[in-house]
Structures are given as C-alpha cells and as structure tokens.
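Report on the following structure.
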Amino acid sequence: MARLRLVILGVLLAVQISAILAVPMPPQRVAVSLGAVAVLAVLQARHLAVTAPSPPWLRLGMLAVEGLATYLPMLTVGAAWPGAGGFLAASVLLVVPGRAAWALFTAVIVSVFAVAMTAGSGFWLAENTTIASLAIGLTMFATCRLTRMVRHVQGMHTEAIQLAVIRERMRFARDLHDLLGYSLAAITLRAELAGRLMKSDPVTAGGELRDVAAMARQAVAEVRQVADGYRNISLAREVAAVASLFASANVRAQVEVNCAVLPDKVDSVLAMLLRELTTNILRHSSARNCWIAVDQTDQHITLSVVNDGVPRTASTYRDGGGLENLAFRLQAVGGTLSASVGDDGRFHVLAEIAVDADAVVGARSPRIDRTSSSVGRTPTMSIEGSCACCGSCSPRMSPWSAGR
C-alpha cells in the first residue's frame, strides 16, 4: 500500500507539472508554480507516510505552510494551474478531525476558485483549477483512508486469530478439567479401594480393578473428544455412575430424577456439572451424605446438589476453578449457577436452565427415587491430615494417600 500511495502521488504530481508546462506562462510564473507544486507534494508525501499521530502544533504548522504554498503564488504572480488546491484540500481532510474537516475542505475548494478569479486567471481556468483541485483532494484522501482501513482490517484479523487461539486454549483447559478431572479422581478412588481390599476381599477388589480399567478406557476416549472439540455425555448415565462412585467412597447419595429427554446441549452441560460437583465433593469435603435432584417444569430445568461435610473455610468460587468453568458452560445455554453454604452447614449448588417447552422432546419419565449407600461395602481406610497437592483435598481422594 505504501508503494501504491507513492505511485498515485507521483501520477498526480506529473499531471500538475504537465498542466503547468502546457499553459503559456512567463518563466517566472512557471518557476514559482513548479516550486509550489514541489513543496505541496513533499508535504503531502509526509502526510501519507506518517502512521502515528503527530503533535497538534506540527500538523497545524504543516497545514499553514501548505496554505501559503497554495495561495501565495496565485496572489503574487498569478500562478494558477489545474489542481492547485488539491493537496491542501486533501491535507485538511487528513489533519482536521470530525465534521469540521469537510467544512474546511469545501472552504478550500471555493477559495481556490475565488483566488484564481481574483488573480485574473479567467472563468474557465479558474473552473478547471477548482474541479481538478476537488478531484485531487478526494483522490489523495481516499487513498490515505483506504490505507488506514487496510491496516485496521489487518490488525483486526490478527486480533481475531489471537482471540481464536485463546478461546481454543480455554476450551481445551476447561474440557481437560471437567472431563478428565472426574475420571482421574474416580480411578484414584477405585484403585485405592482395590488396594485395601486385595487381601481381605479379593473378589470385590477384582471388581474394583475392572471398574478402574473401564474408567481408564473412558478417559482415553474423553482425551480424544477434547482434542476433537466434541463432547456429548448423558445426564442419565452420569447419574448412575455418580451413585456407584459415591457408594465406593462410603457416601450415602440420595438421587431424585424427574425430567424428560433433554436436548443434547442441555443434557451434556448438566452431566458435566454433575461430574464436576461430584469431584469437588470427594476431593474438598468429608461428606457422608449427598442429595442430588433433577427436576423439570414447563419453563426450567434445575439440577440441585447438596452435601454435608463442608470445611469451615470453604469458598463458593475459586478463580479459574471448576465452578467458574461450569458457570461459563451454563451461560452458553442460557443457564445460571449459584453456590453457597447454607445455614444448615451444607454446600448447596443450584443450576437452572430456561428451556422452551417445544425444545424438550418425549414424555416425562416416571419419578425415580434411589438411595445409594455404602451399606455392605468395606469402608476405605481413614487417613488423618490433608493431601500434599493442595492442602484441602479429602484424604480419600488424595493421590498421595495410597500405600501410606
């Protein structure tokens, strides 16, 4: 674009020089006209070359010099040539901000005609000078604005690429946290339980190890899903998996589901929410009871998760944590997330998604009241203290607790 601007400026300069030399004029008038055109071309080239804003005094000073180079030759020696005010008119549009620029541009064009008539150039020469000045001024202004627009578009394109990369990194981080965090936590829990049951109950330990293998295969599949950017997990399957996992963790879970078949996006988001909340309960609390409820009305679908065993220093949100990721996901489907420690000392999380009744297909499923408990299961070993990873995880979920 810089070369194109110089080429256009050079063509316009050549046109004006040719017009000066084509009209019979005294040598003094020709020399003054050529000198004025040269000064105007140099100043115009600087306007085109400067990318950063110059100080106001410098811009106004250059504009004043251009005004003198335009009007002084016409008033002193009658040096008027076609396009005499074109460079000055273009500079006014480039230097003066706002609507005042077009008012001054009009004033320059009109004044060129008036000064040319005053200098005795005649109506037709004054008219040619004015029309050529108008054309040159608009051409140079359009060229400069086009250059700035191209720079702006290029900058926006670069920024869009950078934002796309940032969004993809954030998506990848959220998916790794939300999808794999639950699987790895469940694998850790089941593996620790199998290790403790290996001698006392080999059959149960073998079942736990088979579950660990299945979860590991599922984690591998989820890694592929994260890489492909595709995630579609089912709330119904997640409810069953969570109930089984809580039973292994010696947590009594009461699950109540009352909803129809949900749209894929809503189903995936709620399943992801339940996964993350389950991971948080097992890692960051000493819960012995958990209440999970999924309900649907004509306007909303809600998921409520409540657990006891909340540490006194528990915080509702943590920057960059799982609840923040889930709030972001819920917002994408028109939902909201609230989390707080209630007066009963339990941690309450409520997710609510507004869903059009026509978007939910299928009839309501029958109410399911299931209670999953650890009765009959061998409890995990209780280890005092906190984990070495963050100092707040429950010992049963600490990857460093196995084998202590």
Side-chain angles (χ1 to χ4, degrees), residues 171 174-186 211 214-215 217-219 221-222 225-226 229-249 251-282 287 290-307 322-339 347-372:
R171 180 198 69 81
R174 284 195 301 268
D175 290 351
L176 282 178
H177 182 280
D178 296 342
L179 284 172
L180 295 184
Y182 170 85
S183 298
L184 296 178
D211 290 342
M215 291 179 178
R217 286 191 294 268
Q218 179 64 26
E222 289 171 350
Q225 291 178 357
V226 171
Y230 175 79
R231 304 161 306 281
N232 188 16
I233 58 179
S234 169
L235 178 61
R237 291 196 301 267
E238 207 61 36
V239 166
V242 164
S244 175
L245 183 61
F246 275 138
S248 299
V251 176
R252 182 181 178 86
Q254 182 173 337
V255 181
E256 181 180 329
V257 178
N258 181 30
C259 67
V261 179
L262 304 177
D264 289 342
K265 288 185 177 179
V266 175
D267 196 31
S268 297
V269 169
L270 291 179
M272 196 83 70
L273 174 63
L274 185 57
R275 268 195 180 194
E276 177 61 24
L277 294 178
T278 301
T279 304
N280 288 347
I281 291 171
L282 295 176
C290 180
W291 296 265
I292 301 172
V294 183
D295 193 25
Q296 176 186 339
T297 64
D298 293 337
Q299 300 295 330
H300 296 89
I301 296 174
T302 59
L303 170 63
S304 173
V305 179
V306 181
N307 67 277
L323 291 180
E324 182 179 329
N325 292 342
L326 293 173
F328 180 85
R329 293 183 187 277
L330 283 169
Q331 185 179 6
V333 294
T336 58
L337 179 70
S338 60
F347 196 73
H348 296 252
V349 178
L350 178 64
E352 188 175 46
I353 301 177
V355 178
D356 186 4
D358 295 334
V360 181
V361 298
R364 287 181 178 270
S365 60
R367 179 177 294 273
I368 302 174
D369 290 312
R370 292 185 296 182
T371 301
S372 170

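What you see is a predicted model; the values in this text were computed from it and never measured.
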- Distance, nearest 0.5 Å, that separates CD1 of I353 from CD1 of I301: 6.5 Å
- Taken to the nearest 0.5 Å, the spacing of E352 CD from L330 CG works out to 10.5 Å
- Apply side chain to side chain contact (heavy atoms under 4.5 Å, CB included) to V349 and N280, showing your working. CA-CA 11 Å; V349 178; N280 288 347; over 6 Å; no
- For E238, the salt bridge (charged side-chain N to carboxylate O under 4.0 Å, His left out) test, sequence neighbours excluded, returns R275
- Is the backbone of L235 close enough, under 3.5 Å, to the side chain of D267 for a donor and an acceptor to pair up by distance? yes
- Query: Does the pair I292 and F246 meet the rule for a side chain to side chain contact (heavy atoms under 4.5 Å, CB included), with working shown?
  - Reply: CA-CA 12 Å; I292 301 172; F246 275 138; 4.0 Å; yes
- At their closest point, which heavy atom of L273 faces which heavy atom of A351, and how far apart are they? CD2-CB, 3.1 Å
- Query: Are T278 and L274 side-chain neighbours, meaning at least one heavy-atom pair lies under 4.5 Å?
  - Reply: yes
- Apply the test side chain to side chain contact (heavy atoms under 4.5 Å, CB included) to residues L282 and L245: give CA-CA distance (whole Å), side-chain angles for both, the deciding distance (0.1 Å), then the verdict. CA-CA 10 Å; L282 295 176; L245 183 61; 3.7 Å; yes
- Task: Write down the atom of L303, the atom of L270, and the distance for their closest heavy-atom approach.
- Result: CD2-O, 3.7 Å
- So CD of Q254 and SG of C290: to nearest 0.5 Å the spacing works out to 10.0 Å
- V251 versus N307: any side-chain heavy-atom pair under 4.5 Å? no
- Item | Minimum heavy-atom distance between A327 and L337, given as atom pair plus value | N-CD2, 3.9 Å
- Message: Return the CG to NE2 distance between L350 and H348, rounded to the nearest 0.5 Å.
- Response: 10.5 Å
